[in-house]
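Structure, as structure tokens:
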Protein chains: 2
Amino acid sequence: MSDHYTPAEIVHRFGFSHDTLRYYEREGLLSQVERAPSGHRRYRASDVELLDLVRCLRDTDMPIARLRAFAELVRAGDHTVPERLEVLQAHAERLADRIAELRARQDAIHHKIDYYKGVLALDAGVDSPAVLENG
Amino acid sequence: MSDHYTPAEIVHRFGFSHDTLRYYEREGLLSQVERAPSGHRRYRASDVELLDLVRCLRDTDMPIARLRAFAELVRAGDHTVPERLEVLQAHAERLADRIAELRARQDAIHHKIDYYKGVLALDAGVDSPAVLENG
DNA sequence: CTGCCCCCTGGAGTGCACTCCAGGTCAACC
DNA sequence: GGTTGACCTGGAGTGCACTCCAGGGGGCAG
């Protein structure tokens with residue numbers, strides 16, 4: 001381990017494919033990644049740090065465009081911290097909403113599952129099962 | 001209100017667009033929807049019931065292909081209830097995993113937010129702020 | 001010297017889920 | 001009778017996020 005990471009190491013670490021990493025770079029999520037004399041990329045600690053956040057935000061469905069905007073703020077310097085904070089807080093809010101929605105839907109699905117289980121239980125126990133109310 | 005619903009009523013009720021409803025029909029999520037003599041669609045209670053579930057499952061990211069498979073089971077008759085149950089249970093499991101992942105990411109994002117808040121607090125109170133550990 | 005592997009490039013292709021469009025029908029209202 | 005509005009059709013187009021491809025280079029093991 002030296003002060004940089006090869007593409008393969010990054011692929012392994014984050015689970016992004018080579019192509020996805022190049023795509024992110026093209027899209028401005030990563031600033032120009034350093035190169036070895038051979039032309040091969042050398043990812044640095046700052047890239048890794050940003051990719052960590054990218055992983056987190058992509059996994060929570062932040063679109064690429066917003067990630068690029070965030071990355072640009074990071075590049076613009078420390079004075080953009082308030083704006084970055086706003087971006088993250090807005091995202092956290094949407095995420096909380098999304099989780100709440102998923103949980104509500106999850107409840108509905110479990111009700112449906114229970115309904116089907118009821119149907120099966122009746123089927124198993126009775127020759128001609130009664131009609132069941134679908135909740 | 002009669003025993004059927006117009007396309008506009010369905011659009012209003014579920015928030016699916018006309019085009020999306022037609023797309024779902026083409027994709028086999030709804031079986032052939034009844035028509036008025038004019039050719040206009042007439043959605044019935046059974047369509048509404050299925051659309052309710054479609055809303056639920058789409059909102060929790062079940063792909064169209066799996067929804068079609070489910071719809072086919074529904075059409076095939078009551079003997080497919082065990083299979084439908086399996087589909088729903090598998091989906092519920094994926095959904096629980098997804099929610100757990102989102103919550104984990106949510107924690108990480110909140111840590112990042114707290115970190116940025118710390119930076120700002122230091123900025124506000126100190127002329128030359130100390131370096132802060134990024135968690 | 002010969003493979004072989006890892007990596008490079010620009011650009012084209014893919015999959016999914018819609019979404020839009022042009023042109024037409026039908027019923028109702030003025 | 002004309003206009004309006006809701007709806008119809010098949011098919012093309014869109015947006016997003018990758019993902020794949022063909023062709024090429026550098027460096028090292030055998």
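This structure is a prediction, so every number in the text was calculated from the model and none was measured. The chains referred to below are lettered A, B, ... by the order of the sequence lines, with proteins before strands, and numbering in each begins at 1.
When heavy atoms are screened at a 4.0 angstrom cut-off, Tyr24(A) is found touching the sugar-phosphate backbone but no base atom.
Remark: side-chain polar atoms of Gln89(B) are not paired, donor with acceptor, to backbone N or O of Glu86(B) under 3.5 angstrom. In this structure a side-chain-to-backbone donor-acceptor pair under 3.5 Å is present from Asp47(A) to Arg44(A).
For Arg66(B), the salt bridge (Lys or Arg N to Asp or Glu O under 4.0 Å) test picks out no residue, with sequence neighbours left out. Partners of Asp61(A) according to the salt bridge (Lys or Arg N to Asp or Glu O under 4.0 Å) rule, which considers only residues two or more places apart in sequence or in another chain, are Arg98(B). For Asp19(B), the side-chain contact (heavy atoms from CB on, under 4.5 Å) partners two or more places apart in sequence, or in a different chain, are Ser17(B), Arg22(B). With sequence neighbours excluded, the residues that form a side-chain contact (heavy atoms from CB on, under 4.5 Å) with Arg68(A) are Glu27(A), Leu29(A), Ala65(A), Glu72(A). Here Val48(A) pairs with Tyr5(A), Ile10(A), Arg13(A), Phe14(A) under the side-chain contact (heavy atoms from CB on, under 4.5 Å) rule; sequence neighbours left out. Partners of Arg103(B) according to the side-chain contact (heavy atoms from CB on, under 4.5 Å) rule, which considers only residues two or more places apart in sequence or in another chain, are Ile99(A), Ile99(B), Gln106(B).
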Under 4.0 Å protein heavy-atom contacts per nucleotide of nucleotides 2-9 of chain C, with B for base, S for backbone only and - for none: ----BSSB

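A 4.5 Å side-chain heavy-atom check between Tyr115(B) and Val119(B) finds at least one atom pair inside the cut-off. Taking the side chain as every heavy atom from C-beta outward, Arg42(B) and Arg35(B) never approach each other to under 4.5 Å.
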Would you mind writing out the side-chain donor-acceptor pairs for residues 74-82 of chain A within the sub-3.5 Å range, not counting sequence neighbours?
{"from": "Arg75(A)", "atom 1": "NH2", "to": "Gly28(A)", "atom 2": "O", "distance (Å)": "2.2"}
{"from": "Thr80(A)", "atom 1": "OG1", "to": "Leu73(A)", "atom 2": "O", "distance (Å)": "2.7"}
{"from": "Thr80(A)", "atom 1": "OG1", "to": "Gly77(A)", "atom 2": "O", "distance (Å)": "2.8"}
{"from": "Thr80(A)", "atom 1": "OG1", "to": "Arg84(A)", "atom 2": "NE", "distance (Å)": "3.0"}
{"from": "Thr80(A)", "atom 1": "OG1", "to": "Arg84(A)", "atom 2": "NH2", "distance (Å)": "3.2"}

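The span of DNA chain D lying next to chain B, judged by atoms under 4.0 Å from heavy atoms, is bounded 5' to 3' by dA6(D) to dG11(D).
For residues 22-73 of chain B, the ring pair (Phe, Tyr, Trp, His ring centres under 6.0 Å) pairs, not counting sequence neighbours, are Phe16(B)-Tyr24(B).
Axis orientation changes by 10° from one end of the helix from dC1(C)-dG30(D) to dC30(C)-dG1(D) to the other, with each end axis drawn from 5 pairs and the value rounded to 10°.
Within residues 57-68 of chain B, the residues approaching DNA chain C are Arg58(B), Pro63(B), Ile64(B), by heavy-atom distance under 4.0 Å.
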